[in-house]
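So that the names make sense, note that chain A is the first sequence line, chain B the second, and so on, each numbered from 1. The model shown is predicted, which means the values in this text are computed figures rather than measured ones.
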Amino acid sequence: MHEISHYEPKTAFERWLDARLPIARFGKDLLDYPTPKNLNYWWTFGGILAFCLATQIVTGIVLAMHYDPSGGGAFDSIQHIMRDVNYGWLIRYIHANGASMFFVAVYIHIFRGIYYGSYKAPRELLWLIGAAIYLVMMATAFFGYVLPWGQMSFWGAKVITSIFGAIPAIGPPIVTWLVGSFTVDAPTLNRFFSLHYLLPFVIAGLVALHIWALHVPGNSNPTGVNVKEKSDTVPFHPYYTVKDGFAVSLFMLMFAVFVFFMPEALGHVDNNIAANPLATPAHIVPEWYLLPYYAILRAIPDKLSGVIALGGAIACLFALPWLDRSRVRSMRYRPQARLYFFIFIVVCLILGYCGAHEPDQQVIPGLAAFNIGDSSINSMAWLSRVCAVYYFAWFLLINPLLGLRETPLPVPESISSPVLSHPAAAPAGAAAAPEKKG
Amino acid sequence: MLRKLLALAVALALPASLAAPASAATTQKPVPNLQWSFSGPFGMYDQAQLQRGFKVYTEVCSQCHAIQYIHFHNLGDPGGPFWSPKYPNPNDNPYVKSIADSWPRQVTEINSDTGDPTHRKPTSADVLVPPFPNDAAAKASNGGALPPDMSLLVAAREGGPNYVYNILTSFAPTPAGIVGAPPGKYYNEAFPGDLSAYWKGDPNHVPLGGFISMPPPLTDCKVTFDDGSSCKLADEARDVAAFLQWASDPKMDQRKQMGVAVFIYLLIFSGLLYVSYRQIWKDVAH
Amino acid sequence: MADSVAGASAVPHDTPDPGRRNFIHIAAITAAAGGVAAIAWPFIDQWNPAADTMALASIEYDVSKVPLGQQVTVLYRKQPLFVRHRTPKEIAEAVADDHADLRDPATDASRVKPGKAEWLILIGVCTHLGCTPLFGQGEWGGWFCPCHGSQYDTSGRIRKGPAPKNLVVPDYSFTGATTIKVG
């Protein structure tokens with residue numbers, strides 16, 4: 001939607017600036033952007049994510065003023081931050097828990113996009129940029145987790161960098177090149193620090209593209225029906241700035257519970273032990289937000305196939321706009337799709353659960369069961385495999401087939417019609433419309 | 001709103017479901033879930049307990065265990081064992097100065113004129129001088145086993161202070177069916193280990209726990225407390241576990257107090273924003 | 001609302017009580033500003049010296065280790081601290097010049113503790129551009145700074161050369177007969 005800019009510079013300075021660099025116009029247009037008036041709370045997570053990115057960048061830059069990226073000094077510098085630097089403990093805990101909060105928000109944001117078909121034409125590029133942001137977020141988080149140089153930092157880095165060794169022929173030299181030494185070592189830490197500082201700004205650039213790509217077609221909305229007229233919309237400010245502000249403050253409440261009352265709950269106790277290349281921890285696990293991919297990686301016994309599955313799992317996200325052929329956007333009107341999607345969410349949660357455990361661990365403790373292949377059917381390994389099959393099937397089979405086979409519910413005429421057609425909506429000043437919130 | 005609560009519940013449930021599992025191969029006596037003065041969102045350190053725990057550390061543990069991130073002045077920090085509002089600068093705290101002055105070991109420095117090592121008494125700026133100058137010396141004096149540094153010990157173990165208490169109170173005589181126990185090690189029911197290789201009894205009832213390199217460090221009233229508190233082994237263990245919890249997390253008191261203030265503020269702020277939001281949207285049918 | 005169908009703006013018209021409407025927004029904005037100020041403080045304070053630096057903020061020293069006529073240089077707040085045990089001749093020369101034409105006028109008595117005039121405690125940083133002056137050199141036998149030629153007398157006062165101020169006397173006190181606490 002290419003809106004005409006309504007900005008009118010009033011003072012001489014405003015006119016001077018507008019003629020040379022129209023940033024005031026740009027800002028005013030952003031604030032006035034016509035946004036569908038029926039967006040629900042799932043739409044606040046974009047604003048929440050922007051808050052998370054800003055928080056991580058600010059706390060990260062401040063931490064970098066005290067952090068020492070050398071192999072010998074990194075762990076000590078974290079203790080220096082926690083014990084000596086004024087409010088260092090607060091800034092560190094905000095940053096560490098902020099990463100987890102960032103991923104909570106991004107997963108909700110992604111699932112919202114899937115449920116409401118926000119990735120469908122003409123928003124495919126918006127979705128692709130979002131998938132790219134997610135990918136860079138994962139890289140950033142991985143590099144960041146290495147920086148404290150604890151046991152999990154070191155051994156997690158070892159496991160993930162060794163993944164590239166699975167590439168035939170050129171794999172091992174690539175790992176040596178990545179790591180900068182015979183194994184994960186001080187050179188690895190130094191370069192990961194530099195990349196960890198760089199990538200959030202890449203994310204910020206991608207976010208700018210993401211919002212630009214959004215503003216071309218305009219926001220989608222829970223009905224999935226296009227905006228037809230101006231009265232379907234409200235200006236972004238103050239309607240959604242304040243609503244997003246409210247959502248952010250609720251999000252901050254959850255964030256504060258972690259930072260102040262359980263700051264290490266989402267981490268791993270082994271990361272409070274300094275990295276020791278000679279002592280492997282009993283269980284090497286990544287942070288919780290990478291666990292589903294960890295489960296998929298380990299589900300396939302062959303190393304190279306596991307790596308390909310991992311890549312494929314992420315690649316599926318990029319392919320989604322072309323896998324789902326349904327003409328109806330929102331799953332509000334696609335009850336079959338909704339069912340399979342909810343199963344998909346449960347499967348992702350189970351994959352995360354599997355990723356946290358050893359493959360040979362029993363799912364139901366004490367239940368003896370027969371083996372299929374190398375593992376008992378009552379093992380995390382087989383649970384991961386079953387879930388991984390559903391994960392790929394949901395993308396590659398269910399989505400395309402649903403588009404062809406399902407019978408969607410009737411889609412409303414416009415955004416306003418579900419509101420107007422209901423008699424209770426008629427009086428002015430009516431509260432939230434009692435439309436079906438599917 | 002319900003959707004939002006659901007999202008919140010999912011967000012909280014996912015990490016909660018990822019409690020680290022016990023290793024498939026090792027067993028241990030379950031870590032008890034004790035109540036501490038610092039348990040819960042409003043729990044704070046008990047200064048008297050920290051002082052007793054520090055006494056246990058000084059008289060017993062510090063013979064073998066370093067505590068490299070604790071400086072003498074930290075003992076006088078807010079929330080610490082010798083904090084006093086009369087001495088906001090811990091460098092002036094007389095207890096801190098006296099502890100540094102009477103520390104059994106001296107700081108090694110290099111004489112800037114001759115290049116030889118010299119020794120001086122520690123000041124409040126120094127780290128609590130460790131029993132061994134480096135890890136190699138520590139291992140050599142302890143049969144090849146390195147006594148772990150205690151600054152982060154509680155933070156690096158599942159169960160935290162409960163784990164430490166469990167270890168200290170679970171030393172037991174080697175069970176009768178154990179054959180070929182490794183020399184120089186001690187059976188402890190709480191130490192994660194796998195005894196199946198040594199166990200000659202019923203294979204379905206392998207004893208829990210393993211062999212730890214540390215001899216039982218505590219006995220009843222090995223350390224006596226000036227305030228007359230009980231010095232039985234379990235109490236000594238509790239006190240030193242609480243002290244080590246403080247060593248791992250000296251900012252806990254401030255953190256929780258700030259957390260309460262932030263939480264209340266955010267509740268009020270959310271309320272204001274909600275009313276503001278409803279006010280703005282009042283006349284829009286949506 | 002009927003007018004929304006006709007394509008009119010979705011912005012609501014004035015409610016009957018704009019004052020009440022504005023109050024809540026003002027309250028929310030004020031609360032936000034307060035929150036921002038509160039969260040800003042830790043980010044500002046983290047640049048202040050950390051606890052390990054502040055632990056070295058004060059030192060104690062036994063001045064009886066300094067032989068008569070000599071100086072010992074001690075590290076104080078990461079900078080050199082001169083502890084000079086002055087001879088009676090040096091003290092007399094310093095006092096005699098109390099009312100000479102000084103760039104930075106100060107009496108010798110104001111730069112030492114009463115009854116302890118033999119101990120001169122100074123920050124060993126030239127007040128010109130920060131070099132460490134050399135002990136006992138220069139025309140007045142105080143200090144000579146090799147970088148740009150500033151000369152100080154036996155009270156540490158600037159007498160010649162580009163330095164604008166006397167060598168700084170830090171905040172110190174005698175905690176015993178021969179022990180001082182600096183800082």
Between B/M258 and A/Y87 the two heavy atoms that sit nearest each other are CE-CE2, 3.6 Å
Choice from A/G355, A/P238, A/A256, A/A274 maximising heavy atom contacts with chain B below 4.5 Å
A/P238
So for B/S151, is it side chain, backbone, both, or neither that comes closer than 4.5 Å to the heavy atoms of chain A?
both
Chain A heavy atoms under 4.5 Å from B/L272: which part of the residue, side chain, backbone, both or neither?
neither
Which heavy atom of B/L273 sits nearest a heavy atom of A/V242, and at what distance?
O-CG1, 4.0 Å
B/K251 and A/R83: which non-hydrogen atoms are nearest, and at how many Å?
NZ-O, 3.4 Å
Residue pair A/Y239 / B/W281: nearest heavy atoms and the distance that separates them:
O-NE1, 2.9 Å
Measuring from atom CZ of A/F75 to atom CG of B/L152, what distance do you get when rounded to the nearest 0.5 angstrom?
5.0 Å
Give me the atom names and distance for the closest heavy-atom approach of A/L253 to B/S270.
CD1-OG, 4.1 Å
Would you call the rings of B/Y277 and A/Y41 parallel, tilted or perpendicular, where under 30° means parallel and over 60° means perpendicular?
perpendicular
Hey, is the main chain of B/A155 close enough, under 3.5 Å, to the side chain of A/N272 for a donor-acceptor pair?
yes
Residue part contacting chain A, namely of B/A247, when any heavy atom lies under 4.5 Å
backbone
If you compare all heavy atoms of B/R157 against all heavy atoms of A/I273, which two are closest, and at what distance to 0.1 Å?
NH1-CD1, 3.8 Å
Quick check: under 4.5 Å, non-hydrogen atoms only, which of residues 35-43 of chain B neighbour chain A?
B/P41
